[in-house]
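The first residue in the sequence is number 1, and the count goes up from there. Model, not experiment: these values are computed from the prediction.
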Amino acid sequence: DSYLVPDSTKYVAFHYYGNYAYYVYLDDVTLSGYVPPCEAPAIDTIMATENSITFNWNRAAANFDVAILQGAWNDSLALQTIGTTDTFITINDLMPETLYSVGVRAVCSETNVSEWVVATITTDMHLCAVPTTLTATGVTLHGATLGWTPGEEGQEAWEIAINGTNYSDT
């Protein structure tokens with residue numbers, strides 16, 4: 001309740017209406033030490049590339065903890081957190097085609113944090129670079145010799161299609 005401000009004093013009176021002919025009043029009862037719960041942020045957007053995840057959230061507090069886990073979320077595994085005052089983060093050096101769970105929580109004080117708000121996302125698969133410098137030599141009515149430059153180092157096989165029909169894997 002917004003009326004109950006942390007470390008403030010409120011005066012409350014209790015009046016007992018019982019079966020007795022007299023009343024009992026308690027006044028000057030002090031409520032102190034009430035700390036309102038820390039409001040959790042809400043994740044606005046989350047995006048993935050083949051090796052990174054970027055997500056942002058609304059501002060529910062001035063400070064936040066962020067955690068990322070490979071696979072399903074588990075509160076007890078979210079031990080290594082990244083502290084930030086921003087409302088976004090990009091996490092790099094991830095594995096492609098992998099499920100990750102990302103969590104963010106508001107940090108209102110050292111002892112008052114919100115619940116984790118969690119989203120899951122799978123990083124994109126690695127897309128091979130397109131070969132370049134396509135050449136055709138020895139062209140005849142019945143064939144040709146094709147050549148190209150690999151699109152990236154390490155490419156060892158290519159699928160060749162002519163008019164949408166696969167002819168070979170090379």
Side-chain angles (χ1 to χ4, degrees), residues 1-2 4-6 33-139 143-170:
D1 187 325
S2 61
L4 297 175
V5 178
Y34 173 77
V35 177
C38 193
E39 181 185 345
I43 295 176
D44 291 328
T45 60
I46 185 166
M47 298 173 294
T49 67
E50 75 177 66
N51 61 4
S52 70
I53 294 173
T54 299
F55 69 106
N56 64 3
W57 55 89
N58 68 348
R59 182 162 296 282
N63 299 295
F64 303 93
D65 281 339
V66 176
I68 183 166
L69 300 174
Q70 188 174 338
W73 183 261
N74 182 331
D75 280 355
S76 64
L77 297 178
L79 302 176
Q80 293 184 357
T81 61
I82 302 164
T84 183
T85 57
D86 292 326
T87 57
F88 67 91
I89 195 165
T90 298
I91 302 167
N92 295 306
D93 300 322
L94 303 177
M95 296 176 54
E97 296 184 78
T98 304
L99 175 71
Y100 288 94
S101 298
V102 292
V104 60
R105 69 180 177 187
V107 179
C108 296
S109 72
E110 193 173 303
T111 58
N112 188 13
V113 296
S114 73
E115 294 292 319
W116 286 103
V117 178
V118 178
T120 58
I121 192 166
T122 301
T123 49
D124 296 338
M125 67 179 184
H126 173 72
L127 300 176
C128 294
V130 177
T132 59
T133 322
L134 179 62
T135 60
T137 58
V139 178
T145 301
L146 301 176
W148 56 86
T149 302
E152 64 186 43
E153 193 173 315
Q155 288 183 343
E156 297 175 357
W158 297 268
E159 185 175 280
I160 300 170
I162 300 173
N163 293 332
T165 304
N166 285 346
Y167 283 93
S168 69
D169 292 328
T170 306

When rounded to the nearest 0.5 angstrom, what is the spacing between CH2 in Trp148 and OG1 in Thr135? 8.5 Å
Minimal non-hydrogen separation, Ser101 against Ala72, with atom names: OG-C, 3.4 Å
Residue pair Thr90 / Ser52: nearest heavy atoms and the distance that separates them: CG2-CB, 4.3 Å
Can you tell me how far the CG atom of Leu77 sits from the CG atom of Leu69, to the nearest 0.5 Å? 6.0 Å
Checking Ala67 now: which residues fulfil side-chain contact (heavy atoms from CB on, under 4.5 Å) with it, not counting sequence neighbours? Trp73, Ala78, Thr81, Trp116
Sequence neighbours left out, what pairs pass salt bridge (Lys or Arg N to Asp or Glu O under 4.0 Å) with at least one residue falling in residues 82-111? Asp65-Arg105
Pairs of donor and acceptor atoms involving the side chains of residues 37-48, under 3.5 Å and at least two apart or interchain, shall be tabulated with distances.
residue	atom	partner	partner atom	Å
Thr45	OG1	Asn56	OD1	2.7

Distance check, rounded to the nearest 0.5 Å: Thr98 atom OG1 versus Ile53 atom CD1? 9.0 Å
Using the ring pair (Phe, Tyr, Trp, His ring centres under 6.0 Å) criterion, which residues pair with Tyr100? Sequence neighbours excluded. none
Side chains of Ile89 and Val104: does their closest heavy-atom pair fall under 4.5 Å? no
Distance col, row Asn58:CG vs Thr87:OG1, nearest 0.5 angstrom, shows 8.5 Å
Kindly state each residue pair satisfying ring-ring contact (aromatic ring centres under 6.0 Å, His included) with at least one member in residues 39-65, sequence neighbours excluded. Phe55-Trp57, Trp57-Phe64
Residues 113-126 vs salt bridge (Lys or Arg N to Asp or Glu O under 4.0 Å), sequence neighbours excluded, gives none
Please check if the number of heavy atoms outside Glu152 that lie under 6.0 Å from its CD is greater than 12. yes
